[in-house]
Amino acid sequence: MDTEIAIRDFLISRRTQLRPEDLGLPRQGMRRVRGLRREEVAALANVSVDQYIRLERGQASRVSDAVVDAVAHALRLTPGECRYLRSLARPAVASAEAGAGRPVRESVQRFLDSMCDTPAYLVGRGGAILAWNRMAVLVFVDFARVPTARRTVGRLVFTDPRARLLYVDWEVKAREAVAYLRTESGKRPHDAALSRQIEELAEASADFRRLWAAQLVLDHTHDITHLNRPPVGTLDLTWEAFQPKGDPDELVIVYTAANARTAAALGRLT
């Protein structure tokens, strides 16, 4: 990923979403573009116009961390968006694909299997689904039957037709998947496999292209999802993401019943 372009597109997208009057700024003269002008963002951030322009052009190495943080505050970025901007402005040193082909620890698989009534799976770099338990197969899909190269959150959501039948509100899941992939790309802009996946999804799906252009960023590690699961009906599941200690590239996603009806339906699935 070209971080200069990524910073530019992200900052432009966020300043065009804000209106001067919402921030206590006077609305002066005719405005040729939506949102805030560059000089207005600079004034709100209390930085020079030149400093803001450098940042928006992707020249983040020429501005301080304080400027990056001040601009994030001025644009009212969410915590997740702040983290994304910082990761673009101060990209991590490119590393080898450590862990990409590493087997899942037996203790992690045992942990997943111990949750007999709870769907859970392990996600690695780029949304690769690395391990799962029996309930995840019953609720989502038999991951073992999905080719390893296709077994990623993004590919399953956007290229597997079963996803549109599974998720009651597919658009919500699709936005979540795109936000996750953009956040991942900010952390690892030089990850070739991730870049290939994003290019592949953009080529395959107009919905992915539309949502990617919206500059969505992941801002939460818990939520609720609603699934269509014949023959037991709709499942309302809350999910939480946990990071195994010592594995910064991995997340365990655990789904639990949001109500008694769903708990009973999960019981009937087994």
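Keep in mind that what you see is a predicted model, and the values were worked out from it rather than measured. All residue numbers in this chain count up from 1 along the given sequence.
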Practice task
Kindly determine whether Val157 and Glu176 satisfy side-chain contact (heavy atoms from CB on, under 4.5 Å), including the steps that lead there.
Solution key: CA-CA 10 Å; Val157 169; Glu176 177 189 298; over 6 Å; no
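- Comment: Arg86 does not engage Glu81 in a salt bridge, judged by the lack of any side-chain N to carboxylate O separation of less than 4.0 angstrom.
- By the 4.5 Å heavy-atom criterion applied to side chains, Phe111 and Val252 are counted as neighbours.
- Going from atom CZ of Arg155 over to atom CG of Leu181 covers 9.5 Å, rounded to the nearest 0.5 Å.
- Using a 4.5 Å cut-off on side-chain heavy atoms (C-beta onward), Tyr84 and Arg182 make contact.
- By the rule that hydrophobic residues join a cluster once side-chain heavy atoms approach within less than 4.5 Å of another member, Ile53 and Leu44 end up as members of separate clusters.
- Of all the heavy atoms in Ala60 and Ile7, the pair that sits closest is CB-CD1, 4.1 Å.
- Using a cutoff of 4.0 Å between basic side-chain nitrogens and carboxylate oxygens, Lys173 and Asp169 are not scored as salt-bridged.
- A side-chain donor-acceptor contact under 3.5 Å links Asp236 and Asn259.
- To the nearest 0.5 Å, atoms CG (Asp160) and CZ (Arg151) are separated by 12.5 Å.
- Other residues, nucleotides and ligands contribute only 12 or fewer heavy atoms inside 6.0 Å of the CZ atom of Arg175.
- To the nearest 0.5 Å, atoms CZ (Arg38) and CZ (Arg57) are separated by 6.0 Å.
- Checking Glu56 against Tyr52 by side-chain atom types alone, a donor-acceptor pair falls below 3.5 Å.
- At a cut-off of 3.5 Å, with distance as the only test, a side-chain donor of Thr152 or Gln197 sits close to an acceptor on the other residue.
- Between atom CG of residue Leu201 and atom CG of residue Leu211 there is a gap of 11.5 Å, rounded to the nearest 0.5 Å.
- Val104 is not connected to Val146 by any chain of hydrophobic side-chain contacts under 4.5 Å among Ile, Leu, Val, Met, Phe, Trp and Tyr, and they are in different clusters.
- Following chains of ILVMFWY side-chain contacts shorter than 4.5 Å, one cannot reach Leu216 starting from Leu11, and the two form parts of different hydrophobic clusters.
- Applying the ring-ring contact (aromatic ring centres under 6.0 Å, His included) test between Trp132 and each of Tyr121, Phe143, Tyr255 identifies Phe143 as the sole match.
- Ring planes of Trp212 and Phe208: parallel class, angle under 30° (limits at 30 and 60°).
- Residues Glu203 and Arg209 are not paired through a salt bridge, judged by the lack of any N-O separation under 4.0 Å between the basic side chain and the carboxylate.
- Between Leu18 and Leu75, some side-chain heavy-atom pair lies under the 4.5 Å cut-off.
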Exercise for the section: Would you please test Leu165 and Arg162 for side-chain contact (heavy atoms from CB on, under 4.5 Å) and show each step? Expected result: CA-CA 5 Å; Leu165 301 175; Arg162 291 173 292 186; 5.6 Å; no
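- In the hydrophobic cluster analysis, where Ile, Leu, Val, Met, Phe, Trp and Tyr join through side-chain heavy atoms closer than 4.5 angstrom, Leu130 is grouped apart from Val139.
- Environment of CZ in Arg268: crowded, with over 12 heavy atoms of neighbouring residues, nucleotides or ligands closer than 6.0 Å.
- In this structure, the side chains of Val108 and Leu122 come closer than 4.5 Å at one or more pairs of heavy atoms.
- Nearest approach of Cys82 to Ala72, heavy atoms of both residues: SG-CB, 3.8 Å.
- Atoms OG and CG, from Ser185 and Asp191 in turn, are 9.5 Å apart once rounded to the nearest 0.5 Å.
- One finds a salt bridge joining Arg110 and Glu106 here, because a Lys/Arg side-chain nitrogen approaches an Asp/Glu carboxylate oxygen to under 4.0 Å.
- Partners of Thr159 by side-chain hydrogen bond (donor to acceptor under 3.5 Å, both in side chains), not counting sequence neighbours, listed by chain and number: Arg150.
- Shown here for Glu250 and Pro244, the closest heavy-atom pair between the two residues is O-CD, 3.4 Å.
- Donor-acceptor pairing under 3.5 Å is recorded for the side chains of Gln59 and Arg62.
- Between the OG1 atom in Thr262 and the CG atom in Leu227 there is a gap of 9.0 Å [rounded to 0.5 Å].
- Two different hydrophobic clusters hold Leu269 and Met115 under the rule that ILVMFWY side chains link at heavy-atom gaps under 4.5 Å.
- When all heavy atoms are compared, the tightest approach of Ala241 to Ile253 is CB-CD1, 3.6 Å.
- By the side-chain hydrogen bond (donor to acceptor under 3.5 Å, both in side chains) test, Lys187 pairs with no residue at all, sequence neighbours left out.
- A donor-acceptor pair is defined here as one N or O able to donate and one able to accept, closer than 3.5 Å; such a pair exists between the side chain of Arg229 and the backbone of Leu138.
- In this structure, Asp223 and Trp239 have side chains that are in contact, with non-hydrogen atoms separated by less than 4.5 Å.
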Handout entry: Working for side-chain contact (heavy atoms from CB on, under 4.5 Å), residues Arg83 and Asp219
Key = CA-CA 9 Å; Arg83 290 190 292 271; Asp219 226 347; 4.2 Å; yes
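- The environment of His73 atom NE2 is sparse: at most 12 non-hydrogen atoms of other residues, nucleotides or ligands sit within 6.0 angstrom.
- Under a 3.5 Å cut-off, the side chain of Asp113 and the backbone N or O of Asn133 do not form any donor-acceptor pair.
- Nearest approach of Gly80 to Val217, heavy atoms of both residues: O-CG1, 3.4 Å.
- Counting heavy atoms from C-beta on, the side chains of Leu266 and Asp117 never come closer than 4.5 Å.
- Contact of the Arg37 side chain with the Val41 side chain is not registered, since no non-hydrogen atoms from C-beta on lie closer than 4.5 Å.
- No side-chain heavy atom of Arg19 sits under 4.5 Å from any side-chain heavy atom of Leu36.
- Gln243 and Asp247 form no side-chain donor-acceptor contact under 3.5 Å, judged by distance and modelled atom types alone.
- Minimum interatomic distance between Ala120 and Ala136 (heavy atoms only, all atoms of both residues): O-CB, 3.5 Å.
- Formation of a donor-acceptor pair under 3.5 Å by the Thr183 side chain with backbone atoms of Leu218 is found in this model.
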Handout entry: CA sep, side-chain torsions, deciding dist, call: Thr118, Val254, side-chain contact (heavy atoms from CB on, under 4.5 Å)
Key = CA-CA 7 Å; Thr118 302; Val254 179; 3.5 Å; yes
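- Glu184 places a side-chain N or O within donor-acceptor distance of the main-chain N or O of Gly126, the cut-off being under 3.5 Å.
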